[in-house]
Amino acid sequence: LVTYSSLLDGLGKAGRLEEAFSVFAKMTEEGCEPDVVAYTSLMDVLGKGGKTNHALTIFRAMIKKNCAPDAVTYSSLIDSLGKEGRVEEAYYFFEDSKRKGCTPNVSVYSTLIDSFGKKGLVDRALGLYEEMQRMQCSPNNITFNSLIYGFVKAGRFSMAEKLFGEMEHKGCIPDVVTYNTLIDGFGKMGMIDEAENYFKEMKKKGIDPDLITFTSLIESLGKAGKLMKACELFDLMEEEGCSPSVITYNVLIDILGRAGKVHEAAMMFHEMKVNGCMPD
RNA sequence: GGAAUUAUACUCGU
């Protein structure tokens with residue numbers, strides 16, 4: 001059973017959806033009854049492959065077989081529905097889990113908070129954040145990062161900053177994802193000073209900027225017309241041993257092109273190939 | 001053995 005489940009998970013992560021499905025069918029044929037982990041693995045594979053309706057079918061099948069879904073099953077399903085924008089259905093299954101006595105854990109709450117946030121329903125996300133605390137479920141960094149993402153994207157900057165301040169008081173230390181979310185979010189809204197301040201702040205706190213930090217800030221600087229600063233930051237990332245990705249090069253080529261620096265853009269295109277980065 | 005958070009163009013839609 002463990003062997004089959006591992007195989008299922010592996011095939012799924014490799015995007016080999018049909019093979020995962022035939023492994024599941026085979027284990028059933030061989031009289032190896034899938035347990036909650038096997039069912040959930042298959043559902044997760046299907047959901048991540050964009051086959052959420054199929055995952056729902058499996059969900060109903062497991063219930064019919066008297067195999068009780070657990071918190072992992074629900075969070076996987078909620079995540080798949082949420083990523084398709086089907087947040088009301090996601091919310092329905094969240095409530096369903098409670099009705100069935102499966103208490104949502106921090107991952108389940110965070111998953112749904114993230115779905116609501118990405119749909120712009122930030123007040124509902126905040127409601128869940130309050131609810132989880134009433135239910136003695138402590139939010140973690142992922143919870144806060146998801147909330148902050150939603151509020152920044154919704155343009156609710158002061159709430160995003162309030163949550164950022166609140167996380168420390170609740171025992172969650174802002175991490176590189178927290179800062180990246182803020183830097184990218186503020187940067188995309190043209191609030192470059194704020195973005196740069198977060199960049200300075202993270203370094204002061206000993207959090208190393210990563211590939212995403214640099215790429216986000218380079219893009220925002222470039223689009224705000226601060227091309228020089230963007231290029232300096234690109235140099236800095238290389239000095240700091242942070243290798244640019246295809247995305248970093250795409251961003252650079254884009255902002256150089258927008259600024260009419262076609263020659264420099266072409267040089268970047270060349271440089272990326274020299275550095276073993278395949279243009280996509 | 002299974003689940004949740006952050007970066008890129010264009011077009012179109014809101």
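Throughout, a chain's letter reflects where its sequence line sits, starting with A, and its residues are numbered from 1.
- If you take CZ of A:Phe199 and C1' of B:A7, they are 14 Å apart, rounded to a whole angstrom.
- The pair A:Glu88-A:Lys119 fails the salt-bridge criterion, with no side-chain N (NZ, NE, NH1 or NH2) lying under 4.0 Å from an Asp/Glu carboxylate O.
- Between A:Lys98 and A:Glu95 there is a salt bridge, with a side-chain nitrogen of the basic residue lying less than 4.0 Å from a carboxylate oxygen of the acidic one.
- What separates OH of A:Tyr4 from P of B:G1 is a distance of 18 Å, to the nearest Å.
- Taking every side-chain heavy atom of A:Asn180 into account, B:U6 is the closest of B:G1, B:U6, B:U5.
- A:Thr73 comes within contact range of at least one nucleobase, with a heavy-atom separation under 4.0 Å.
- Side-chain proximity of A:Asp70 to B:U8, B:G2, B:A4: nearest is B:G2.
- In this structure, the CG atom of A:Leu221 is 14 Å from the C1' atom of B:A7, given to the nearest Å.
- Comparing B:A3, B:G1, B:U8 by their closest approach to the side chain of A:Val72 singles out B:A3.
- Counting any heavy atom pair closer than 4.0 Å across all strands shown, A:Val251 reaches sugar-phosphate atoms only and no base atom.
- One finds a side-chain N or O of A:Lys118 lying less than 4.0 angstrom from the OP1 or OP2 phosphate oxygen of B:U6.
- Ranking B:A3, B:A7, B:U5 by closeness to the A:Asn145 side chain, first place goes to B:U5.
- Using a 4.0 Å cut-off, some side-chain N or O of A:Arg258 falls inside it from OP1 or OP2 of B:C10.
- Relative to the side chain of A:Ser216, the nucleotides B:A4, B:A7, B:G1 differ in distance, and B:A7 lies closest.
- Put simply, CG on A:Asp210 is 8 Å from C1' on B:U6, counting in whole angstrom units.
- Nearest to the side chain of A:Lys83, among B:U5, B:A7, B:G1, sits B:U5.
- Following rounding to the nearest Å, A:Asp175 (CG) and B:A4 (C1') show an atom-to-atom distance of 14 Å.
- Computed from coordinates, the A:Asp254 CG to B:A9 P distance equals 6 Å when rounded to whole Å.
- Residue-level contact check: A:Ser107 touches the bases, meaning some heavy atom is under 4.0 Å from a base atom.
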- request: Determine, step by step, whether A:Ser76 and A:Asp79 satisfy the side-chain hydrogen bond (donor to acceptor under 3.5 Å, both in side chains) criterion, reporting the C-alpha distance in whole Å, the side-chain angles of both residues, the deciding distance to 0.1 Å, and the verdict.
  value: CA-CA 5 Å; A:Ser76 171; A:Asp79 188 50; over 6 Å; no
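- Distances from the side chain of A:Ser110 to the nucleotides B:G1, B:A7, B:A4 place B:A4 closest.
- For the residue pair A:Tyr74 and A:Asp96, a side-chain donor N or O sits within less than 3.5 Å of a side-chain acceptor on the partner.
- Across all strands shown, A:Ser245 has heavy atoms under 4.0 Å from base atoms, whether or not it also approaches the sugar-phosphate.
- Residue A:Val36 is in base contact, counting any heavy-atom pair closer than 4.0 Å across all strands shown.
- Partner of A:Tyr109 under the ring-ring contact (aromatic ring centres under 6.0 Å, His included) criterion, out of A:Tyr91, A:Phe94, A:Tyr129: A:Phe94 alone.
- A:Leu7 comes within contact range of no nucleotide atom at all, as no heavy-atom separation falls under 4.0 Å.
- What separates CD1 of A:Ile58 from C1' of B:A3 is a distance of 17 Å, to the nearest Å.
- Residue contacts shown for A:Thr40 include a base, since a base heavy atom lies under 4.0 Å away.
- With ring centers used as reference points, A:Tyr39 lies 6.0 Å or more from A:Phe59.
- Among the atoms of the strands shown, none is found under 4.0 Å from any heavy atom of A:Asp280.
- B:G2 atom C1' lies 7 Å from atom NZ of A:Lys13, rounded to whole Å.
- By the 30° and 60° cut-offs, the orientation of the rings of A:Phe164 relative to A:Tyr179 is perpendicular.
- For A:Lys223, no side-chain nitrogen or oxygen approaches OP1 or OP2 of B:A7 to under 4.0 Å.
- Between B:G1, B:U8, B:U6, one nucleotide has an atom nearer to the side chain of A:Tyr149 than all others, and that is B:U6.
- Side-chain atoms of A:Ser75 come within donor-acceptor range of the base of B:A3, with a qualifying N/O pair under 3.5 Å.
- Note on A:Ser6: only backbone sugar-phosphate atoms sit closer than 4.0 angstrom, heavy atoms only; bases stay farther off.
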